[in-house]
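Below: one structure, written as structure tokens.
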Amino acid sequence: MPIDVAADVIANQPLSADYNVLALAAPAIAAASAPGQFVMIKANAPALNDPLLRRPFSVFEILRGADGTRTGISILSKRIGVSTQLLYDARPGQRMACLGPLGRPFTIVEPPTEAWIVAGGVGLAPFATLAEHLRARGVHSTLFYGARRAADLFYLDFFRALDVELVLTTEDGSAGERGRVVAPLDRRLSSRSPTAPVMIYACGPERMLAATAQTAMKYGRPCQVSVERIMGCGLGGCYSCVVPMRGDDGGAHHVRSCLAGPVLAGDQILWD
Amino acid sequence: MPIDVAADVIANQPLSADYNVLALAAPAIAAASAPGQFVMIKANAPALNDPLLRRPFSVFEILRGADGTRTGISILSKRIGVSTQLLYDARPGQRMACLGPLGRPFTIVEPPTEAWIVAGGVGLAPFATLAEHLRARGVHSTLFYGARRAADLFYLDFFRALDVELVLTTEDGSAGERGRVVAPLDRRLSSRSPTAPVMIYACGPERMLAATAQTAMKYGRPCQVSVERIMGCGLGGCYSCVVPMRGDDGGAHHVRSCLAGPVLAGDQILWD
Amino acid sequence: MDLSVRIGSLTLKNPLLAASGCFGYGVEYADVVDLSSLGGVVSKGLFLAEREGHPAPRIVETPAGMLNAIGLQGIGVRRFVDEKLPELRARKATVVVNVCGTTLDEYVEVSRILSDADGVDAIELNISCPNIKEGGIQFGCSLAGTFDVVSAVRNVTRLPVIPKLTPNVTDVASFARAAEDGGADAVSLVNTFLAMVIDVETRRPKISNIVGGLSGPAIRPIAVRMVYECRQTVKIPIIGMGGIADARDALEFMIAGATAVQVGTANFVDPFIWSKLLAGMREYMERHNIARIADLVGTIDTGHTVAERSGV
Amino acid sequence: MDLSVRIGSLTLKNPLLAASGCFGYGVEYADVVDLSSLGGVVSKGLFLAEREGHPAPRIVETPAGMLNAIGLQGIGVRRFVDEKLPELRARKATVVVNVCGTTLDEYVEVSRILSDADGVDAIELNISCPNIKEGGIQFGCSLAGTFDVVSAVRNVTRLPVIPKLTPNVTDVASFARAAEDGGADAVSLVNTFLAMVIDVETRRPKISNIVGGLSGPAIRPIAVRMVYECRQTVKIPIIGMGGIADARDALEFMIAGATAVQVGTANFVDPFIWSKLLAGMREYMERHNIARIADLVGTIDTGHTVAERSGV
Ligand SMILES: Cc1cc2nc3c(=O)[nH]c(=O)nc-3n(C[C@H](O)[C@H](O)[C@H](O)COP(=O)(O)OP(=O)(O)OC[C@H]3O[C@@H](n4cnc5c(N)ncnc54)[C@H](O)[C@@H]3O)c2cc1C
Ligand SMILES: Cc1cc2nc3c(=O)[nH]c(=O)nc-3n(C[C@H](O)[C@H](O)[C@H](O)COP(=O)(O)OP(=O)(O)OC[C@H]3O[C@@H](n4cnc5c(N)ncnc54)[C@H](O)[C@@H]3O)c2cc1C
Ligand SMILES: Cc1cc2nc3c(=O)[nH]c(=O)nc-3n(C[C@H](O)[C@H](O)[C@H](O)COP(=O)(O)O)c2cc1C
Ligand SMILES: Cc1cc2nc3c(=O)[nH]c(=O)nc-3n(C[C@H](O)[C@H](O)[C@H](O)COP(=O)(O)O)c2cc1C
Ligand code: FES
Ligand code: FES
């Protein structure tokens with residue numbers, strides 16, 4: 001059951017000219033969140049109508065007090081419009097309505113299955129908590145992480161500290177391999193023994209997700225993708241967030257990604 | 001010529017649960033402002049549409065640097081709605097679009113004329129700078145200042161320091177005389193020699209202004225009132241701010257208070 | 001304090017309904033809202049058959065509003081009766097079903113099925129969806145069409161029949177009259193305003209259907225005016241909506257002439273809005289010494305506004 | 001880079017005009033804006049005689065918009081010609097005069113006076129003011145009335161005639177067609193949406209005229225849709241407006257089909273908006289390699305939106 005919290009901004013750390021990490025005090029949401037779930041945030045005062053709607057953001061980190069209790073969450077935000085601008089400019093002491101946790105989380109694998117995590121840009125967001133959960137179960141994880149340039153690769157030490165193997169790509173070649181992140185994924189899958197189990201987790205731009213899902217299918221690997229649709233409500237009320245999927249009946253159906261997702265089976269989505 | 005400044009909030013001092021004094025860095029507006037003029041402030045980011053319009057505020061204080069140069073202005077704001085709420089909550093470092101100075105200022109008298117200033121509530125705002133100007137000319141000033149209760153009487157020491165004589169009233173009698181501010185004004189006018197010149201300046205709620213203007217007329221005293229109309233533009237563009245006035249032709253006309261006012265001749269207004 | 005209002009033969013425990021298309025089938029919200037605390041839940045629009053609706057993007061935010069073209073995705077009336085109605089009934093929700101049709105016969109057939117089902121309290125006839133060509137707007141934009149659909153459905157059901165009017169017409173009050181003449185128990189208004197947003201970078205519409213329906217606070221002043229106009233014209237109750245986001249807004253519609261109100265877009269912004277709306281209404285009634293909220297309906301005071309002034 | 005556009009026989013140096021009633025008589029803004037830098041200045045609405053308009057309060061803010069009922073306060077066409085036109089001419093403004101009338105004869109007479117005056121570049125026929133009963137809306141809400149006014153004025157002037165259409169109709173494009181048939185050189189749209197706001201504490205309307213006209217960003221998506229519809233229907237140029245607040249918005253109207261645009265409410269928010277709008281347009285043209293802004297008009301791409309998708 002999601003709750004709505006008037007969350008205090010604890011801290012707001014800019015990571016670059018576009019990215020920031022916003023820490024919010026929200027113990028109850030933090031306590032209930034599972035990796036892959038999201039929150040709906042109203043970046044301005046509730047009574048103000050512009051921006052009007054809340055915006056969906058993955059739970060990035062679970063924040064903990066000195067005694068280990070969950071005190072809040074952070075979100076990794078990329079500035080692309082009016083609400084993310086407000087999040088970028090937010091100051092400690094402000095409050096923001098934060099509704100969550102919402103949506104269906106990732107299904108977490110057990111050893112000996114390996115986790116291959118594929119992240120594009122701000123698509124890194126759901127994977128900080130996922131990597132922690134996988135680590136706790138002793139799953140070996142690899143993060144394929146692509147960004148525009150070296151300066152847009154964040155939290156590498158965080159993942160290293162969780163013993164996550166990093167495979168980096170940048171479009172301009174300023175760090176890791178030059179090009180898109182699906183290329184090294186494909187190579188690794190092609191050289192991997194088909195009997196060694198791998199679960200692929202992906203989040204990022206639509207085209208990257210489609211390419212990842214198709215690559216996974218090519219090698220017969222399961223793939224959980226976290227999709228991003230424009231969401232009006234996050235609770236199943238508006239039917240704005242649909243993804244075309246193959247149903248059990250074999251037919252094509254529009255599925256609400258806020259309820260059935262955001263984590264969906266990559267091989268059931270009808271990619272454009 | 002008015003200018004538009006993206007003014008930094010220098011300080012924001014709450015005076016009560018509803019009143020605050022907001023200091024804005026705006027040297028050019030400060031340099032050009034005359035007592036009684038106002039500014040139009042957009043309390044949220046310019047790109048946000050709620051609230052949409054700017055709001056008018058009297059220039060309260062002229063702020064000066066250590067060397068006496070004008071560095072900015074303050075406004076005395078009373079929280080009554082969405083924009084004044086944003087002004088109440090504003091924090092240093094924020095910016096606000098501030099357009100001014102606007103409107104026709106008070107006409108300032110010379111000795112031996114005395115200045116009798118009548119202020120109701122937040123209607124005090126235009127009189128801080130007026131009192132300074134009057135003092136500089138050696139005019140003896142009296143401030144008739146009414147508020148709901150003692151806690152809503154602000155800046156008394158400021159006016160005392162300018163040798164302004166204070167006549168206070170409160171509706172609940174918690175300071176000064178109990179009742180409305182026009183009562184002591186009327187008594188003083190009735191006992192004043194008709195040949196001793198007095199200029200009345202008034203700002204406050206509409207009914208107080210009407211009563212003040214009518215009292216002034218009763219005793220044949222000139223009276224400059226600063227009116228408050230809902231203003232869309234502050235520049236004469238929208239015709240929202242009109243006041244019904246007797247014209248030179250003897251007819252009744254709607255006069256834009258942002259251009260012809262906000263300071264208008266009390267005896268020419270057609271009070272309801 | 002009496003918050004109840006009457007819509008035809010139906011008594012609502014309070015005047016607050018969740019608007020069609022903005023509350024799923026109601027069951028989606030059972031976790032966050034006590035459905036029985038609402039005056040009513042209006043279902044998503046239902047045809048006879050299932051529909052998949054338009055491809056995404058289906059919504060885009062606009063200044064103080066949003067544009068949607070969902071395309072009436074829905075599970076069809078039979079699955080609704082089988083899969084959703086039992087839970088709504090179990091949760092003691094007052095259920096209004098939003099009925100769509102591509103033909104007059106479909107409206108009649110869907111209404112007949114609902115009349116036979118257990119747990120439907122009223123029928124809202126959606127003759128005003130701007131987002132699909134065959135979505136009833138051909139009825140809702142013609143006085144004769146409005147009359148025909150209403151009277152045809154009237155003939156097959158004892159449930160209250162509430163046509164929902166489109167605001168995209170010159171004279172909405174004439175449509176309210178046509179509905180009244182056709183035997184409607186009430187009218188609801190407004191549905192969304194036909195509108196569009198273009199991405200200037202790609203020069204393409206921002207939603208897949210090119211045009212969509214505008215809702216939210218942006219449209220509220222127009223919707224209030226339309227409720228006011230209809231109140232001058234018809235005797236049947238009006239269910240008002242369009243941009244209601246707090247108790248003040250709901251009261252504004254009631255003072256303009258609405259007996260009940262629906263809340264759509266604001267429920268997206270705050271799914272916990274319902275208890276706040278109710279609390280705000282109660283607080284207002286107390287402050288203004290209003291014992292029955294029904295007494296507030298249509299009490300707008302226009303007499304003094306202009307006349308009182310000395311004027312020029 | 002060519003920002004000029006043509007409206008009938010008139011060439012505007014750029015597509016940006018100040019909207020009627022939102023820029024005084026133009027002269028009020030001479031201090032803050034170089035009037036000759038605008039595509040044009042549209043005057044406040046003018047009748048033959050002076051008018052004092054409605055009592056205050058005349059405006060109220062609404063979500064992302066504002067409601068006004070000024071009541072067409074104005075100095076009358078003769079005083080305009082004598083007192084304002086010389087200064088506008090001296091400042092090299094392109095002057096469009098917004099013409100009002102309570103009768104067909106008054107429209108004709110005001111237009112005739114303006115045609116004889118020196119410095120008027122076009123006539124905008126206000127047949128769409130929602131705020132006064134005798135304000136032309138009786139012409140603007142009837143196809144025949146629209147045709148009649150336009151053709152009557154057409155007969156007495158060589159100036160471009162630009163009727164301004166109301167959005168408060170079912171099918172605005174049919175009114176654009178009637179205007180075109182009557183001989184209009186262009187149409188402007190939209191005027192404001194009839195709307196109201198009630199103070200729930202006093203139960204009185206917030207503006208003295210009870211109802212007023214809604215403008216500002218709130219209405220933009222509806223206005224864009226109407227421009228798009230008219231563009232499919234008529235050949236004459238369209239001057240689009242309704243909630244334009246930045247260069248993106250102006251470009252959106254042009255892509256939808258407007259040859260030029262007017263800015264009203266946003267000028268209240270930022271009287272220095274004009275140079276920002278021009279700069280934003282130039283930046284867009286550079287980025288998109290558009291040499292002539294006129295080439296952008298009506299270039300909306302609706303073909304791919306739905307079809308391109310695999311869909312369901
Ligand atoms: C489940 C989920 C989780 C998400 N997690 C994160 C996260 O952790 N960090 C993060 O930075 N972002 C995340 N997003 C995306 C985020 O919601 C959008 O960036 C945000 O809504 C943009 O809001 P805005 O007001 O800044 O932009 P707007 O001003 O609303 O939009 C700017 C432009 O981007 C387009 N746009 C807006 N939202 C989307 C979208 N969802 N998909 C495609 N185009 C869009 C708009 O049409 C517009 O052209 C997530 C989205 C979903 C659905
Ligand atoms: C020339 C001038 C100088 C002013 N100087 C000051 C000042 O120094 N300090 C100060 O606190 N205020 C001053 N005001 C009043 C101030 O502009 C309003 O309080 C402010 O606009 C309210 O904005 P808001 O968004 O908070 O309220 P809103 O949310 O816009 O309105 C709240 C309620 O108040 C009503 N309202 C809003 N503005 C007015 C108004 N001008 N007159 C009557 N009712 C109104 C609205 O209709 C609404 O019911 C001045 C006004 C003028 C015209
Ligand atoms: C996403 C969405 C879907 C809607 N679907 C329907 C519908 O199926 N049937 C209907 O009659 N109205 C539908 N509407 C219109 C609303 O019920 C309501 O009339 C409108 O949104 C105005 O109210 P609001 O401003 O409170 O949202 C829908 C509105 C939205 C925003
Ligand atoms: C205060 C005000 C006064 C107006 N007066 C007139 C007028 O005299 N004649 C007219 O044709 N339109 C008038 N309008 C309508 C505007 O010209 C314009 O059509 C409308 O405001 C929509 O544009 P906007 O959203 O950019 O303001 C007025 C609008 C406002 C806000
Ligand atoms: S976001 Fe509203 S249904 Fe998914
Ligand atoms: S505030 Fe616009 S004319 Fe005075």
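A note on names: the letters A, B, ... follow the listed sequences, proteins ahead of strands, and every chain is numbered from 1.
Here the rule is salt bridge (charged side-chain N to carboxylate O under 4.0 Å, His left out) with D:E87, and of D:R89, D:K84, D:R91 only D:R91 fits it.
Side-chain atoms of B:Q268 never come within 3.5 Å of backbone atoms of B:A265 as a donor-acceptor pair (strictly under, hydrogens ignored). Side chain of D:T166 to backbone of D:N191: no donor-acceptor contact under 3.5 angstrom is found.
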With a cut-off of 3.5 Å and sequence neighbours excluded, list every side-chain donor-acceptor pair involving residues 95-105 of chain B.
unit_1: B:R95; atom_1: NE; unit_2: B:D8; atom_2: OD1; d: 3.3

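In summary, the aromatic rings of B:Y201 and B:F127 are positioned with their centroids too far apart to meet the 6.0 Å limit.
Residue contact with chain D, scored on non-hydrogen atoms closer than 4.5 Å, is absent for B:M40. With a 4.5 angstrom heavy-atom cutoff, B:P51 touches chain D via backbone and side-chain atoms both.
Salt bridge absent: D:R204 and D:D199 never bring a charged side-chain N and a carboxylate O closer than 4.0 Å. Under the 4.0 Å criterion applied to side-chain N and carboxylate O atoms, B:E206 and B:R229 are assigned as salt-bridge partners.
In terms of heavy-atom pairs under 4.5 angstrom with chain D, the leader among B:N49, B:I3, B:L235, B:L52 is B:L52.
Residues of residues 265-278 of chain D that come within less than 4.5 angstrom of chain B, heavy atom to heavy atom, are D:T265, D:F268, D:V269, D:D270, D:P271, D:F272 in numerical order.
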